[in-house]
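To start, the structure under review is shown below, and the notes come after it.
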Amino acid sequence: MNSQLNVLGCRAGLVFAQNLKLTQLARSGRIEEAIALFHGMITRNTVTYNSMISAYAKNGYVVDARILFDQMPRRNLVSWNTMVAGYLHNDCFSEAAELFERMPTKDSYSWTLIITCCTRNGELDKARFLFDRMPVEKSSACYNAMISGYAKGRRYKDAIELLYSMPNKDFVSWNSVLSGYIRNGDMVMGLKFFHQMPERDVVSWNLVVEGLVKAGDLVTASEFFKRITSPNVVSWVTLLNGYCKKGCIVEAREIFDQMPKKNVVSWNAMIAGYVQHLQVEEAHRLFTEMPERNAVSWTTMISGYVRIGRLNEARNLLDMMPIKNVAAQTAMINGYVQSMRMNEAHQVFREISVRDSVCWNTMISGYVQCSRMDEALKMFMNMPKKDIVSWNTMIAGYAQDGQMDKAIDLFHQMPKKNTVSWNSVISGFNQNGLFIEAIRHFWLMRKLGCDPDWSTFASALSGCANLAALLVGMQLHSLLLKSGHDNDFFAGNALITMYARCGRISAAQQVFDEMISVDLVSWNSLIAGYASNGSGGTVISIFQEMTNKGVAPDEVTFVGVLSACSHAGMVDEGLKFFYSMSKDYSITPVAEHYACMVDLLGRAGRLAEAVKLVMTMPIRSSAGIWGALLSACRLHKNPKLANLAANKLFEFEPHTTSNYVLLSNIHAEAGRWNEVERVRVLMKQKGVHKQTAHSWIEIKNEVCVFSSDDSGQPVSAEVLTVLAALSSQMRNIGHKFNYPLVGCG
DNA sequence: ATAGGGTTAG
């Protein structure tokens, strides 16, 4: 009897110890060892099962956790809570809520879980509804969950109101509100709240240091750091990270060396700092020196080698990694994706045991970059839980691939849209020439309560630039000033282009002058602006100004400069720049530059030289080059050469109506009616139709569309009268018309 | 063994 009891006692002791070990393994991410231990155990009690459920869930194996939960012999309240927490940990909100509903009994843990579930899912009011009606006594944790939810959702008033009504406030309560301010970037309010707090612990101080670091104010951040009475590892790492992000890697290293206690996170942060500054060798030295490495250390190193393009070293590390995790494998996939090596990317992807949304998204974006949209879609469809990034990647992919209909289709299907989703469709419309749709979606986005960012403004402004929609462009300009995104390069540069394309070059110049700092794109936009406005001399002086300031021109700069010369008839200057770009700036001319040169020589009537340039150039010809030649043929009435240029042009653009029309007109003007007929037959053969040209204007928020030969317009007669008056005025001041202006609606 | 605030990697 006694010995039997002893055996039982020993067994109980063993189970207790093994349960403890299980929890420890789970906490340090050693899930394989935990599984082995669990399966090797002779006796298991409810606590064992609970620990294992938690172990699975905390390491991403939420399905296995559920299987064990369903299989275990007896479930207690903690088992149910653990499973709900497991779902919550893996962002499975609906599963968590479903299980919560089925719970036989609920304690304050359960209620805290469901409230957290709602707040994390953005359902703040539902959370509050449950909070107000929960039948068990509210713990501090429960209050804190609700307060934290409010604060994270920027509902500071609600958060503080609840905080003040709470009976036993602790540090977590105060820090939850503070964290909301800091994480949302509301530093001014955050600091004010910090000073109002009755007492502060290390976490409070760390939060403020974090906020200051994020705002880029390292001086104040280190002042606050110095005032912390006993800084912990988190305080040190936060400051260290701040110096790394600011590019002060030497100072970061000093902080690292000064740290009284280092843990894995400290080493990882320092390694990440070196990786960010592309000092991957130094990072690797620390990596080999550090006392213990975790998955983050390996992942940081792998992504470091990926960043500098050394995929072999990255792959070696991944192969050496003892227990591979998704993050490390995704970093590797990212490397292959960037080099378009999709087969190798897919091989790594196949080896991943638990696939999260990030690794799926990386694969999708890989196929998108290779324009393999069918495979991207296959991935997207196979993905078990799509997140907002997956949707946005697909939408941007279709837009880039010219399949705007599919992009819009997905956009309408997606459950929740963010700014990036809107940006993808808006810039997609622009890329596909649907500028009106781009602008319409900008207003729609604002109407539906989504905030545009600098990228939205840049896209919408680009739409205006292409439509020469000055009034809308000016409206966007003032919205941009109000939004606070006006100091951004992209938005500023888009403004320059918008004003220039709307013919307001002085406004473009003013935007340029008022920008806090300009980049190469700003210079290029200004140059292109003056170029299209025909101010060749100004372009040349701006070009000199920018090179004097030490800004090196690129290919785009020269497209602007050369087209300026061509528009202003400055042939010699153009030729000089063309030769100088490769000689002085070592920029190899591409098709666009040759097109400018053909245009330049062609306009000047030097057709033979233009042809010679095309025949001797070391690159493949393009539609732009032959198009420029064809236009020159019209200007200088050379139907023979026109036939040659047109034949080449049709190889590139067999279905572009305007090319055929141009050729036909050249022959018509020369009275070569046989040739005109030949072009007509050619168009019929190729199935090209002469499209009815149309244009539109906006009057009092209504769009009026005009097309040629359209007498159905209600205002046609009026328009025609005005047109006739304008034509006669133009004729009076000496303008000659190529065609009689008839039939314009 | 389960819930609320703070650090690092994809």
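Numbers restart at 1 for each chain; the letters A, B, ... are given by sequence-line order, proteins then strands. Quantities reported herein were computed from a predicted structural model and do not represent experimental measurements.
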What nucleic acid atoms does V233(A) come within less than 4.0 Å of, heavy atoms only: base, sugar-phosphate, or nothing?
nothing
Out of dA9(B), dA3(B), dG5(B), minimum distance to the side chain of L113(A) belongs to dA3(B)
At under 4.0 Å between heavy atoms, what does T112(A) touch on the DNA or RNA strands: base, sugar-phosphate, or nothing?
base
What orientation do Y367(A) and H346(A) show, parallel under 30°, tilted 30 to 60°, or perpendicular over 60°?
tilted
Would you mind classifying the nucleic acid contact of L20(A) as base, sugar-phosphate or nothing, using non-hydrogen atoms under 4.0 angstrom?
sugar-phosphate
Let's see if you can work this out: which of dG4(B), dT8(B), dT2(B) has an atom nearest to the side-chain heavy atoms of V296(A)?
dT8(B)
N232(A) side chain, from C-beta outward: closest of dT2(B), dG4(B), dG6(B):
dG6(B)
K226(A)/E223(A) salt bridge by N-O under 4.0 Å criterion:
no
Rounded to whole Å, please give me the gap between CZ in F171(A) and P in dG5(B).
17 Å
Is there a donor-acceptor contact under 3.5 Å linking the side chains of D186(A) and Y156(A)?
yes
Taking only heavy atoms on the protein side, list every residue of residues 151-170 of chain A lying under 4.0 Å from any atom of DNA chain B, sorted numerically.
K152(A), D170(A)
In this structure, how many angstroms lie between the P atom of dA1(B) and the CZ atom of R44(A), rounded?
18 Å
For S139(A), answer base if it contacts any base atom (sugar-phosphate contacts may also be present), sugar-phosphate if it contacts only those atoms, and nothing otherwise; contact means non-hydrogen atoms under 4.0 Å.
base
Compare the minimum distances between each of dA9(B), dG4(B), dA1(B) and the side chain of N144(A), then state the nucleotide with the smallest one.
dG4(B)
Gap between atoms CE and P, on M103(A) and dA3(B) respectively (whole Å)
13 Å
Please give me the minimum heavy-atom distance between R200(A) and H195(A), naming the atom from each residue.
NH1-O, 3.5 Å
Measure CZ/F69(A) against P/dT2(B) and give the value in whole Å, please.
15 Å
Would you kindly say whether N50(A) and S79(A) are connected by a side-chain donor-acceptor distance under 3.5 Å?
yes
Picking from dG4(B), dA1(B), dT8(B), which would you name as closest to the side chain of T23(A)?
dA1(B)
Sidechain N-carboxylate O distance under 4.0 Å for E375(A), K378(A):
no
Separation of atom CE in M83(A) from atom P in dA1(B), rounded to whole Å
19 Å
For L317(A) and dA9(B), what is the distance between atoms CG and P respectively, to the nearest whole Å?
18 Å
In terms of side-chain heavy atoms of Y109(A), which of dT8(B), dT2(B), dA1(B) is nearest?
dT2(B)
Any base atoms under 4.0 Å from S108(A), or only sugar-phosphate, or nothing? Heavy atoms, all strands.
base
To the nearest Å, how far apart are E137(A) CD and dA3(B) P?
20 Å
E281(A) and R310(A) ion-paired at < 4.0 Å
yes
Report the distance from atom NZ of K324(A) to atom C1' of dA9(B), rounded to the nearest whole Å.
17 Å
Check ion pair R253(A)-E282(A) (N to O, under 4.0 angstrom):
yes
For DNA chain B, determine which residues of residues 257-294 of chain A have any heavy atom closer than 4.0 angstrom to one of its atoms, and list them numerically.
V265(A), N268(A)
Between T48(A) and N19(A), do the side chains contain a donor N or O and an acceptor N or O under 3.5 Å apart?
yes
If the cut-off is 4.0 Å, is S179(A) near the phosphate of dG6(B), judged by side-chain N/O to OP1 or OP2?
yes
Using a strict threshold of under 4.0 Å (side-chain N to carboxylate O), is an ion pair present between E289(A) and R285(A)?
yes
Could you tell me whether D107(A) contacts a base, only the sugar-phosphate backbone, or nothing, with contacts defined as non-hydrogen atoms closer than 4.0 Å?
nothing
So, K385(A) and D91(A), do they make that salt bridge, N to O below 4.0 Å?
no
Taking the six-membered ring of F93(A) (Phe, Tyr or Trp), confirm whether the NZ or CZ of R120(A) is under 6.0 Å from its centre and within 45° of its axis.
no
What's K106(A) touching, base or sugar-phosphate or nothing? Going by heavy atoms closer than 4.0 Å.
nothing
Pair R75(A) + D70(A): basic N to acidic O under 4.0 Å
no
Using a cut-off of strictly less than 4.0 Å between a heavy atom of the residue and any atom of DNA chain B, enumerate the qualifying residues of residues 199-219 of chain A by number.
D201(A), V203(A), L207(A), E210(A)
